[in-house]
Structures are given as C-alpha cells and as structure tokens.
Protein chains: 2
Amino acid sequence: MNPNRRFKDEIYDQFSRIGKAVSSPKRLELLDILCQGERTVENLARETSLTVANTSQHLQVLKNSRLVEQEKKGLYVVYRPAPMVCEFFFSMRKIAENRIAEIEQIKNRFLEGKKGMEPVDRDALIKRIQKEEVTILDVRPPEEFRAGHISGAVSVPLQELELMLAKLPKTREIVAYCRGPYCVLSVQAVELLNKKGYHAVRLEEGVQDWRAMGLPVASGE
Amino acid sequence: MNPNRRFKDEIYDQFSRIGKAVSSPKRLELLDILCQGERTVENLARETSLTVANTSQHLQVLKNSRLVEQEKKGLYVVYRPAPMVCEFFFSMRKIAENRIAEIEQIKNRFLEGKKGMEPVDRDALIKRIQKEEVTILDVRPPEEFRAGHISGAVSVPLQELELMLAKLPKTREIVAYCRGPYCVLSVQAVELLNKKGYHAVRLEEGVQDWRAMGLPVASGE
DNA sequence: CTATTATTCAAGCAATTAATTGAATAGTAT
DNA sequence: ATACTATTCAATTAATTGCTTGAATAATAG
C-alpha cells in the first residue's frame, strides 16, 4: 500500500483508541466517577451496577488507551484518571449536552413530578449560597467530600441523611448537591427532605463545575 | 429496573453516541479533513481512500451523533463540522499525542530518512516566518487556502508545485505547511523541493494550530 | 501453611459494526 | 421525457465487542 496512506491509517488508528475507550456508556460512567476521585475496582463495580470482572475488563480497556492509571495499594487496586482526561471528558459531556436533545428530555422525564427539582434561577441560587443565606449539603460519600467540596458545605452522605435530620434547621432553606447533573444522590436527598417538611432544592452543579465557574472550593476536614 | 439506574444508563448511553462516532479511525480522518473546511462526499471519499458509499455511511453516523451538519447544494451534499466539534477533536488529538507513545513512533518511522523533516527549532522557525526571512508555501488545495491560511503564505497546491518551481527563489529558505502534523502534503512538497536543490523545511503546524497560538491568519484571495 | 479477599484472566455466546456490492433516489442538463 | 451524476439505501459477510461464568493470581491475616 501507498506509504502515505499507511501512515495516515496507522495514525488515525491510534487516535481511535481514545475514541473506542469512550464509546461505551459504562466506561463513560466509570470515567465520570473517577473524575470525582480515585476508586477501587469493587467500589466502581458497586456504583455502576456491573460485575467486578466486567468492571475490571472495562478498566483494562481504559488503561490500554491510557485514560486511567492504576496503583496497587495492598490488597486493592486503585484507579484514577490520567492527566487531562477529566477535561477531555467534560468537553465531551458538554458537546453531548449541547447537541443531543435527547439528554435534556431524559433529564426532564426523570425529574418530572419531583419536588424541589424544578429548574431554579441558578445565578440567584448561587448568590444566596455565597451570601450563606442557605444551608449547603454535600450528600456524596465522605471520601469525595474530603477530596474537594463547595466552600461552606456540610458533609451529610445520603445514607446518613435520615439520621441527621434532627440537626438540620427546618426554617432555613437547604441546598443539596452531589457529583453533577447526572448524579442522583442530591435528587434523593431533596426528595427525602421535602417529604419530611424541609424546604430543600437541588443544585445541579458538582464540585468540578463549581471550581470551573471560579467559585471557592475547599478540601479535607 | 431501579429508576435511578435506568436514568444513568439512558444518560451515559446518549453520551456514548459521541464516543461511538469518534471510535472509528476513518471517521476521525473525515472529521480532521472537515475541520479544514466543508466538503462534498466525493471529495472526502477521495481524500480518505474510501468508497463513496462507505464514506456516505460514515457521514451518516457522524450526522446521527450530531458531529457534522449537511446541506444540499444542487447535485452535491456538502458536509461541515457542527459547532464546537473541531475544538473537541483537537482536545482528543492532544490527549492522544500526549499519552499514546506509539503516535510519536509512527511519525518518526514515517519521516525517517527524509530530508528537511528533522525536528527544527520550532520557535526559531516561527520567528523567522514572522520576520519574513523565509518564503512560506501553503501546499493544500486552493479552497483550503482561501478558507484560511497563515498570513504571508503563498498558495502552491502540491499538484502544481512542480510547474511553479521556476518562480521560487533558490537562495531563500522555503517553509512548507499543510493541514497539520498528520498531513503528508507538506512532507511531499519538502521532499520534492530538496530533491530539486531548494532549501526547504516542513512546518508541522496547520492553520488551526497557528491560530490557536495567537498568530495571524488571513483568508480569501 | 491455610483461608480469605480483591482483582484479573480465559473461554464462549449474543449483539454490534465496518466494509462491500448492487440497486434506488434526487437533482441537473439536453 | 432521457441521460447523467452525486448520494443514499439495503442486504450480506467478516470481524469486533460486551457480558457472563468459572478458574487463576496476588496480597494479607490467622
């Protein structure tokens, strides 16, 4: 074959390794989770409703296309996204949200009929958060809160929310957030809170979006 | 199934439409070419060494994932990238170049033994270009030159290079460029020029990269 | 050493995809 | 109308991929 043609075929073949890695919905979900912080295989399997073997296979694919890195820590293998990968994932997500109308529809259908999920005036909400006029709940697992959270937020993992209810103010408005627009933890939190008589709304943005907007993020504690 | 799980599956399934679109080497090549300017199916088929039917099918896939748009112009159908798609493609290319070592190897193997292709001091070359100490040749097809080219460059499509040789200065250094690092037009141009006794080198960057570096780009003429 | 746990490997099946071929459609020119 | 050209459609084949299952490996604890 023509060497020029061969060169191009070889080059685009290499590029397509990245594309193949992100052509599977489950691998995208894995990447999304990994962008919140490193995880073990088992943890990822639980989050994605995959078998452990299947999760491991998907992670091998991601590793072979250099999108994730792994590190053995004792009995566990911890995976984390490679540099630049999260930015790439977000640009892909953004293009999907902007150009694929079905995504908005799926979101609306899912949130339909749920209280506190109506699209709020985002900028107004963010202003109130900044002025500390509301209580902000980070309902993700505690490791994720530690890895980075919205400044001023309180860590109340969804699982513990019911037990912690007593400590929350009934009069003050509550804003719950989790990993971003496709994470349902905050949806469940807001549902529960409203059922119990609190005034709660959901913030769609996750920590990444928050940071990307230039707003303050804290970590640790 | 659990409605939360269903929601996630549906969402990531939509995201994966973008990934599936860019998981094929040929579709990536098509996108790369389209980012240089709109094209007809036939033209794309010729550039990619695909059959017309096959090209059309790939373009349908890209259209269904909303990465390209089409417009019927008389007998022809003209395709062009959708908004944000080229930025996305470039970020994908960048991640591939940075993380997949094979790409550099393939490039080196291809350029090995060719004169004028040795990696030059890029910044020094760009300075000389800006100071107009060298002649810059844009060896892409004329439509692409018209759609946008490096300021000060002269359009000499590769096909016409041999005929235009007489008009080129033998003493002054010549810099040839085309679509970017994976376009071989400039490689062929530099090879020909050096064989004929000119002093020619290749600029790896394409117009997009040039613009991205904040350097002046012109169009028309 | 043995048992336990986390992860990976290997084989097999069902579903999806890329490329090929030949036919169909839609504009244009005569 | 008829001929011609660019593009798309439809059917087929070969190759690839995702998931499941059960076994293998590796680190740790008793």
Side-chain angles (χ1 to χ4, degrees), chain A residues 1 5 8-10 12-31 33-34 38-65 67-80 143, chain B residues 1 5 8-10 12-31 33-34 38-65 67-80 143:
Chain A
M1 198 199 303
R5 184 69 259 159
K8 286 189 191 176
D9 284 349
E10 286 175 356
Y12 288 108
D13 215 60
Q14 293 298 325
F15 285 172
S16 76
R17 290 170 66 179
I18 306 289
K20 289 203 174 79
V22 294
S23 70
S24 142
K26 287 299 185 181
R27 283 196 289 269
L28 287 168
E29 191 174 351
L30 288 169
L31 277 181
I33 297 169
L34 286 173
E38 55 179 40
R39 298 301 175 96
T40 65
V41 179
E42 217 196 352
N43 188 319
L44 288 165
R46 209 171 326 108
E47 288 266 13
T48 53
S49 318
L50 288 170
T51 62
V52 171
N54 200 356
T55 305
S56 175
Q57 280 188 136
H58 278 304
L59 289 167
Q60 298 307 311
V61 175
L62 289 171
K63 195 183 70 174
N64 287 332
S65 49
L67 293 185
V68 304
E69 295 167 349
Q70 66 181 171
E71 186 190 343
K72 185 124 199 181
K73 283 193 181 172
L75 202 47
Y76 297 84
V77 177
V78 164
Y79 282 85
R80 76 179 128 260
E143 319 87 76
Chain B
M1 199 201 300
R5 185 68 258 160
K8 286 189 191 175
D9 284 349
E10 286 175 355
Y12 288 107
D13 214 61
Q14 292 299 324
F15 285 171
S16 76
R17 290 170 66 180
I18 306 289
K20 289 203 173 79
V22 294
S23 69
S24 143
K26 287 298 186 183
R27 284 197 289 271
L28 287 168
E29 189 173 353
L30 289 169
L31 277 181
I33 298 169
L34 285 172
E38 55 180 41
R39 299 301 175 95
T40 65
V41 179
E42 219 197 349
N43 189 317
L44 288 166
R46 209 170 329 108
E47 289 264 15
T48 53
S49 318
L50 289 170
T51 63
V52 171
N54 200 355
T55 306
S56 174
Q57 282 188 138
H58 278 304
L59 290 167
Q60 299 306 312
V61 175
L62 288 170
K63 195 182 70 174
N64 286 332
S65 49
L67 293 185
V68 305
E69 295 169 348
Q70 66 179 172
E71 187 190 343
K72 185 124 198 177
K73 282 191 181 173
L75 201 49
Y76 297 84
V77 177
V78 165
Y79 282 85
R80 77 178 127 260
E143 322 85 76

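Order of the sequence lines fixes the chain letters, A, B, ..., with proteins taken first and strands second; residue numbering starts at 1 for each chain.
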When the distance from [atom1] of [X] to [atom2] of [N] is rounded to whole Å, what number comes out?
X: A/Asp13; N: D/dT16; atom1: CG; atom2: P; value: 11 Å
X: B/Glu42; N: D/dT8; atom1: CD; atom2: P; value: 12 Å
X: B/Glu71; N: D/dT8; atom1: CD; atom2: P; value: 13 Å
X: A/Tyr76; N: D/dA27; atom1: OH; atom2: C1'; value: 11 Å
X: B/Tyr12; N: D/dG18; atom1: OH; atom2: P; value: 17 Å
X: B/Leu44; N: D/dT7; atom1: CG; atom2: P; value: 9 Å
X: A/Arg39; N: C/dA6; atom1: CZ; atom2: P; value: 16 Å
X: A/Arg27; N: D/dG18; atom1: CZ; atom2: C1'; value: 9 Å

Are the side chains of [X] and [Y] in touch, meaning some heavy atoms are under 4.5 Å apart?
X: B/Val77; Y: B/Tyr79; result: yes
X: A/Leu62; Y: A/Val22; result: no
X: B/His58; Y: B/Asn54; result: yes
X: A/Leu34; Y: A/Leu44; result: yes
X: A/Asn43; Y: A/Thr40; result: yes

Sub-4.0 Å heavy-atom contacts from residues 50-62 of chain B onto DNA chain D, ordered by number: B/Val52, B/Ala53, B/Ser56, B/Gln57, B/Gln60
Using a strict threshold of under 4.0 Å (side-chain N to carboxylate O), is an ion pair present between [Y] and [X]?
X: A/Arg17; Y: A/Glu10; answer: no
X: B/Lys73; Y: B/Glu38; answer: yes
X: B/Arg39; Y: B/Glu143; answer: no

Rounded distance [0.5 Å steps], OG1 in B/Thr48 versus CG in B/Leu28: 12.5 Å
B/S/- contact track for nucleotides 24-30 of chain C, protein heavy atom under 4.0 Å: --SBS--
Phosphate OP1/OP2 of C/dA6: any A/Tyr79 side-chain N/O under 4.0 Å: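 For C/dA6, neither OP1 nor OP2 has a side-chain N or O of A/Tyr79 closer than 4.0 Å.
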